[in-house]
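Worksheet for the structure shown next.
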Amino acid sequence: MQFLSDNSDLLWSAFLTTLSLAVASGVCALVLGTVLVGMRVSPVPPLRGLATFYVEVFRNTPLTVVFFFLFFGLVYVDLQFPSRFVTAVAALSLYTAAFVCEALRSGINAVPPGQAEAARALGLDFGQALRTIVLPQAFRTVVPPLGNVWIALAKNTSIAAGFAVTDLTAALQRLANVNADQLLAVFAAVVLGYLAITLPSAWLIRMIETRVAILR
Amino acid sequence: MTSRTAGEPLVRLSGVEKWFGQLHVLQDIDLTIDRGEVVVVIGPSGSGKSTLCRTINRLEPIDSGEIAIDGQRLPEEGKDLARLRADVGMVFQSFNLFAHKTVLENVTLGPVKVRRQPKADAERRARELLDRVGVGSQADKYPAQLSGGQQQRVAIARALAMDPKVMLFDEPTSALDPEMINEVLDVMTSLARDGMTMVVVTHEMGFARRAANRVVFMDGGRIVESADPETFFTNPQSDRAKDFLSKILNH
């Protein structure tokens, strides 16, 4: 245990990096995914096509490839992110947004079509009907699948370790290399770090789920 | 509520055609509805009567022909269509109350979001309307906590809150338990008495006799007969209408 407390600074900052990667990417992915799903269900064919194209590209590209592209490919078009952390957040957000979009779309499909019809019959335009009637109900039914997306995202942050972002997995590599005899302790510490993020999330998701459940 | 031309019908459908794939659901429909008129549309299942009702606020787009409300042609899509729909109240067979909003919020939503009324005004008016349809004490409940009959009366209040020029009822009692049908029909009858322009698709012949100015009988996507209720029920002209009436009125 001596060794863990010796390295507590590294572990703590690595934990915070992982947590902020997950939270920042989660928020961005939620916003982008919501915009995408709005486009995907809109009555405007070019918007629908664009969103579908986006989802298919990012859902079917390995996350590591997305990281590679943002870290090494973008320089060819003279683009550069301000830091490695931001680049990692961008990669995670772009990738996860595709999954958020599809989770939300399943929720939208689960809202009875009569709800949108009633909204339109009252004189709400497409955007208003989506924002005030359809999406609030869709969000409630997608809490469990969005929870899955969030937990997957929290673990996907580990790919950033391969791109010189010092997150928990990078800390694992570094500490394991120099303390081979303490390998199990290092593993335990890092796994606990991930669990500290994902387990409370699972509880929170379950709580939100019962809180927002709607009567039908 | 500005009337554009005196004597102009409030709703005019001319030469309306609609297909669902191979199925010709509306065939050359001509129909005019005057201000204050109550038109009941009846007919067998699949005759196109619900579709007809839903074309009037363009929940169903039509393939050809023209529909005008208060002298204004139905716009294709977008803001203009939304504005026009705000003037047309609609009551659905399955109520379609917003499940995540309270009864009161269901009724205030249109006035606040579409008419931009102050929330307090909209709530005062909503409570009046809910009292009028007899569900004032349910204002803070969610739709699923209400009976079908109560939900449908809330749906009527929701439509009335927009001060519509015309109200469309698409089989408003077909999803209700028999003992709840009358509480909804009573509200509709009193609306008719108050001079609301109404298009009602229904199987309730009693309501048609009691409240309608005109009965429109549809079959196979066409309007087969159109007459005042007394004439239609006692002396139908077409064989199809005679056959239909003999089946439903004998028991």
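Within every chain, numbering begins at 1; the chains are lettered A, B, ... in the order of the sequence lines, protein sequences first and strands thereafter. These numbers come from the heavy atoms of this one structure, side chains and all, not from hydrogens, waters or symmetry mates.
Heavy atoms closer than 4.5 Å to chain A are found in the side chain of B:Lys79, but not in its backbone. Contacts of A:Ala129 with chain B are absent, with no heavy-atom separation under 4.5 Å from either backbone or side chain. Only the side chain of B:Phe92 has a heavy atom closer than 4.5 Å to any heavy atom of chain A. Contact annotation for B:Arg54: only side-chain heavy atoms (C-beta onward) come within less than 4.5 Å of a heavy atom of chain A. Residue B:Leu168 does not touch chain A at all, counting heavy-atom pairs closer than 4.5 Å.
Residue-environment remark: CZ (A:Arg174) stays at or below the threshold of 12 foreign heavy atoms within 6.0 Å. When the shell of 6.0 Å around CZ of A:Arg59 is examined, it contains more than 12 heavy atoms from other residues, nucleotides or ligands. More than 12 heavy atoms of other residues, nucleotides or ligands shown are found within 6.0 angstrom of CZ on A:Phe72. The number of heavy atoms from other shown groups lying within 6.0 Å of CD (B:Glu128) is above 12. Within 6.0 Å of the CZ atom in A:Phe187, the count of heavy atoms belonging to other residues, nucleotides or ligands does not exceed 12.
Highest contact tally toward chain A, considering only B:Lys113, B:Arg83, B:Met90, is held by B:Lys113 [criterion: heavy-atom pairs under 4.5 Å].
For the residue pair B:Asn96 and A:Glu117, the shortest heavy atom distance occurs at ND2-OE1, 4.5 Å. For the residue pair A:Leu122 and B:Val114, the shortest heavy atom distance occurs at O-CG2, 3.9 Å. Residues A:Gln115 and B:Ala99 approach most closely at OE1-N, 3.3 Å, considering heavy atoms.
The side-chain contact (heavy atoms from CB on, under 4.5 Å) check on B:Pro75 picks up B:Asp80, B:Leu81, B:Leu84, with sequence neighbours excluded.
Sorted by first and then second residue, the ring-ring contact (aromatic ring centres under 6.0 Å, His included) pairs with a member in residues 9-49 of chain A read A:Trp12-A:Phe15; sequence neighbours excluded.
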### Message
side chain to side chain contact (heavy atoms under 4.5 Å, CB included), that's the test. Do A:Ile133 and B:His100 meet it? Break it down for me.
### Response
CA-CA 8 Å; A:Ile133 303 303; B:His100 62 310; 4.1 Å; yes
